[in-house]
Amino acid sequence: MKRLFLGAFLAVIALTASADTYKGYEMPPFEVLASRQGYEIRDYAPHVLATVHQKGSVSQSASAGFRALAGYIFGGNASGEKIAMTVPVQQVAEGSGYTISFMMPAKYEIGDLPPAKSSDITFSRTNPERLAVRAFSGYAGAATLRRKAAELRDLLARDGLQVVGGPRFAYYDDPFTLPWRRRNEVAFVLAE
């Protein structure tokens with residue numbers, strides 16, 4: 001009985017210690033306020049983003065944006081400094097294309113980051129915000145993203161919640177992860 005209790009206690013500690021990580025990668029800090037049927041309501045703390053705007057389809061812009069930002073964090077910046085990878089890669093429709101963003105590790109403020117070699121990469125600090133988030137697995141193609149966004153929008157309307165921004169898409173796994181093991185999310189910003 002003592003072993004069972006000790007094992008459960010250690011499992012809780014391990015889960016608590018990794019609450020802001022996914023597969024060992026740092027992710028934006030958030031608190032789950034409510035778990036509803038089909039989605040969660042989360043409050044996100046401010047964090048620093050590196051962002052690039054890309055034109056093209058959902059998949060083309062995600063791929064090009066990822067490459068640009070990965071180049072920056074893997075040492076392709078003005079000082080050659082390597083920056084730890086974080087998750088998720090975020091994608092938001094904007095104008096005639098998409099913005100692709102990486103969260104910068106929490107130890108960095110904007111002024112601490114090495115300058116980007118490309119003026120296409122910008123840095124910003126997010127404000128605290130409340131998001132409704134629906135997770136899903138599989139490949140995140142354009143049709144799937146539209147369907148998942150519509151499903152979440154319908155759930156929010158059902159529950160009488162007001163959307164003030166989005167949809168935003170988040171991808172947590174590398175392209176070689178099997179579809180059923182992938183973690184993707186669609187989110188809308190909620191009125192507080």
Applying side chain to side chain contact (heavy atoms under 4.5 Å, CB included) to R158 and Q37, what does each step give before you reach the verdict? CA-CA 11 Å; R158 172 200 72 193; Q37 183 181 356; 3.9 Å; yes

Same apolar cluster (I L V M F W Y, side chains within < 4.5 Å links), [X]/[Y]:
X: V92; Y: M27; answer: no
X: M103; Y: V89; answer: no
X: V189; Y: F30; answer: yes
X: Y22; Y: F102; answer: yes
X: L49; Y: I100; answer: no

With a 4.5 Å heavy-atom cut-off, do [X] and [Y] have their side chains touching?
X: P88; Y: F169; result: no
X: R181; Y: D173; result: no
X: L69; Y: I121; result: yes
X: T177; Y: R183; result: no
X: L155; Y: R36; result: no
X: I83; Y: P114; result: yes
X: I41; Y: L161; result: yes

Pair D112 + K107, salt bridge at N-O below 4.0 Å: no

Find the distance between [atom1] ([X]) and [atom2] ([Y]) and round it off to the nearest 0.5 Å.
X: L113; Y: M104; atom1: CG; atom2: CE; answer: 6.5 Å
X: R182; Y: F136; atom1: CZ; atom2: CZ; answer: 10.5 Å
X: L131; Y: L33; atom1: CG; atom2: CG; answer: 10.5 Å
X: Q90; Y: Y171; atom1: CD; atom2: OH; answer: 10.5 Å
X: H53; Y: S101; atom1: NE2; atom2: OG; answer: 11.5 Å
X: T86; Y: D20; atom1: OG1; atom2: CG; answer: 12.0 Å

What pair of heavy atoms forms the shortest contact from [X] to [Y], and how long is it?
X: P179; Y: Y139; value: CG-CE1, 3.3 Å
X: K117; Y: A78; value: CG-N, 3.9 Å
X: S61; Y: Y98; value: OG-CD1, 3.1 Å
X: A132; Y: Y39; value: CB-CD1, 4.1 Å

Are more than 12 heavy atoms from other residues, nucleotides or ligands located less than 6.0 Å from atom NZ of K23? yes

Check for me whether the distance between the ring centres of Y108 and F123 falls short of 6.0 Å. no

Would you tell me whether Y172 and E185 have side-chain atoms, one donor and one acceptor, within less than 3.5 Å of each other? yes

The test is side chain to side chain contact (heavy atoms under 4.5 Å, CB included); show your working for Y44 and T126 and say whether it passes. CA-CA 9 Å; Y44 279 83; T126 66; over 6 Å; no

